[in-house]
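The block underneath contains the structure these notes are about, expressed in structure tokens.
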2 protein chains.
Amino acid sequence: MNIGQASKASGVSTKMIRYYESIGLVRPADRTDSNYRSFGPCEVNELRFIRRARNLGFSVEEIGKLLSLWRDRERPSREVKAIAQSHVADLDARIAEMQAMADTLRELARCCAGDERPDCPILADLAEA
Amino acid sequence: MNIGQASKASGVSTKMIRYYESIGLVRPADRTDSNYRSFGPCEVNELRFIRRARNLGFSVEEIGKLLSLWRDRERPSREVKAIAQSHVADLDARIAEMQAMADTLRELARCCAGDERPDCPILADLAEA
DNA sequence: GATAGACCTTCCAGTCATGGGAAGGTCAAG
DNA sequence: CTTGACCTTCCCATGACTGGAAGGTCTATC
């Protein structure tokens, strides 16, 4: 399986596969005689794992930890849960922050006529708040 | 007023003031004989405006539009409202995305014993979903 | 007037995860 | 044997910053 096929099978772009290898997130792939990367089902599974973790918003650093726990059949689930929970806390904090922004802006927009007149509470707020 | 004082008065770091100037978000500041930037109350107000807009999550590009509308006393509030509403929609979309991630992870973590045993629904999900 | 240290200047590099593209090697089908 | 679809490495760009080096300037004190 070359990199293009591994990409299709895993849903990770070829660019990203090379990048993950370059930063050490995955082990360097085997090479064919002509220096092409060669992937087996095991490597493709790892790439899929990475893609799913990215879809859940984990950083590459967190994924590194999750991967090594995944590879370790003796890992305590406690460690995985801790990473997940800290990530959830992180997500929640960012959600709350953005929610506050959206609420403020919605309120300002609600008070804005939104017509041809220049009076605008949104700009007034940005200028003087 | 030199850049350090303008920074304190506006809450925008000196690095950022220079950056905003370099990308053309604000007009190049006047210079003293010794080539120091010189700011008046008007420029400081613009910087404050920018800081508040950033706090509401507007991108630099959006802030550029807001600034030029702010400078234009004849602007129709419609245009400002449109920018604000499109930004709110953007925020809402990102919030929904992160909320979905957080919900999924919370559910997975809830099902994870989080003890010394290796069985972990979080890793199982990442590996097989 | 010398010196210290707190400013200022420009420029260059790094962050994070990713995409784009150039220059060149390899492979399979026609 | 050519074509075109792969692959390789390399560097560059993104957005919105932060950090630092090298060097000029200002102000206060000795």
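Every chain is numbered from 1, with letters handed out A, B, ... down the list of sequences.
Applying the side-chain contact (heavy atoms from CB on, under 4.5 Å) criterion to N55(B), with sequence neighbours excluded, gives R51(B). Taking S22(B) as the reference, Y19(B) meet the side-chain contact (heavy atoms from CB on, under 4.5 Å) condition, with sequence neighbours excluded. Residues passing the side-chain contact (heavy atoms from CB on, under 4.5 Å) test with Y20(B) are V12(B), M16(B), I23(B), L25(B), V26(B), I50(B), R54(B), V60(B), sequence neighbours excluded. Partners of N2(B) according to the side-chain contact (heavy atoms from CB on, under 4.5 Å) rule, which considers only residues two or more places apart in sequence or in another chain, are Q5(B).
Considering K15(A), R31(A), R27(A) as possible partners of E21(A), the one that fulfils the salt bridge (charged side-chain N to carboxylate O under 4.0 Å, His left out) test is R31(A).
For the segment residues 43-71 of chain A, no residue has any heavy atom less than 4.0 angstrom from an atom of DNA chain D. Within residues 86-94 of chain B, no residue approaches DNA chain C, by heavy-atom distance under 4.0 Å. Scanning residues 4-28 of chain B for heavy-atom distances under 4.0 Å to DNA chain D yields S13(B), K15(B), M16(B), Y19(B), Y20(B).
If one axis is set at each end of the helix from dG1(C)-dC30(D) to dG30(C)-dC1(D) from five pairs, those axes are 30° apart, to 10°.
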Show the atom names and distances, to 0.1 Å, of all donor-acceptor pairs under 3.5 Å that link a side chain in residues 117-129 of chain A to residues at least two apart or in another chain.
unit_1  : atom_1 : unit_2  : atom_2 : d
R117(A) : NE     : D115(A) : OD1    : 3.4
R117(A) : NE     : D115(A) : OD2    : 2.8
R117(A) : NH2    : D115(A) : OD2    : 2.5

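A distance-only check finds no donor-acceptor pair linking the side chain of S7(B) to the backbone of I3(B) [under 3.5 Å]. Looking at R78(A), its side chain never comes within 3.5 Å of a backbone N or O of A113(B) through a donor-acceptor pair. A donor-acceptor distance shorter than 3.5 angstrom exists from the side chain of H87(B) to the backbone of L56(B), with no hydrogens or angles considered. One N or O on the side chain of E43(B) and one on the backbone of G40(B) form a donor-acceptor pair closer than 3.5 Å.
Residue pairs meeting the salt bridge (charged side-chain N to carboxylate O under 4.0 Å, His left out) criterion with at least one member in residues 59-73 of chain A, sequence neighbours excluded, are E46(A)-R71(A). Residues in residues 79-90 of chain A take part in these salt bridge (charged side-chain N to carboxylate O under 4.0 Å, His left out) pairs, two or more places apart or across chains: D90(A)-R94(A).
The phosphate of dC8(C) (OP1 or OP2) has no side-chain N or O of R37(B) nearer than 4.0 angstrom.
For the pair Q85(B) and R106(A), the minimum side-chain heavy-atom distance is 4.5 Å or more. For the pair V44(A)/M1(A), a side-chain contact is recorded, criterion being any heavy-atom separation below 4.5 Å from C-beta on. Inter-residue side-chain proximity for W70(B) and V80(B) is flagged as unmet; no heavy-atom pair is nearer than 4.5 Å.
Look at CG on N35(B): it is 9 Å from C1' on dC8(C), rounded to the nearest Å.
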Reading nucleotides 23-30 of chain C from the 5' end, what letters show protein touch, with B for base, S for backbone sugar-phosphate only, - for no heavy atom under 4.0 Å? --BBS---
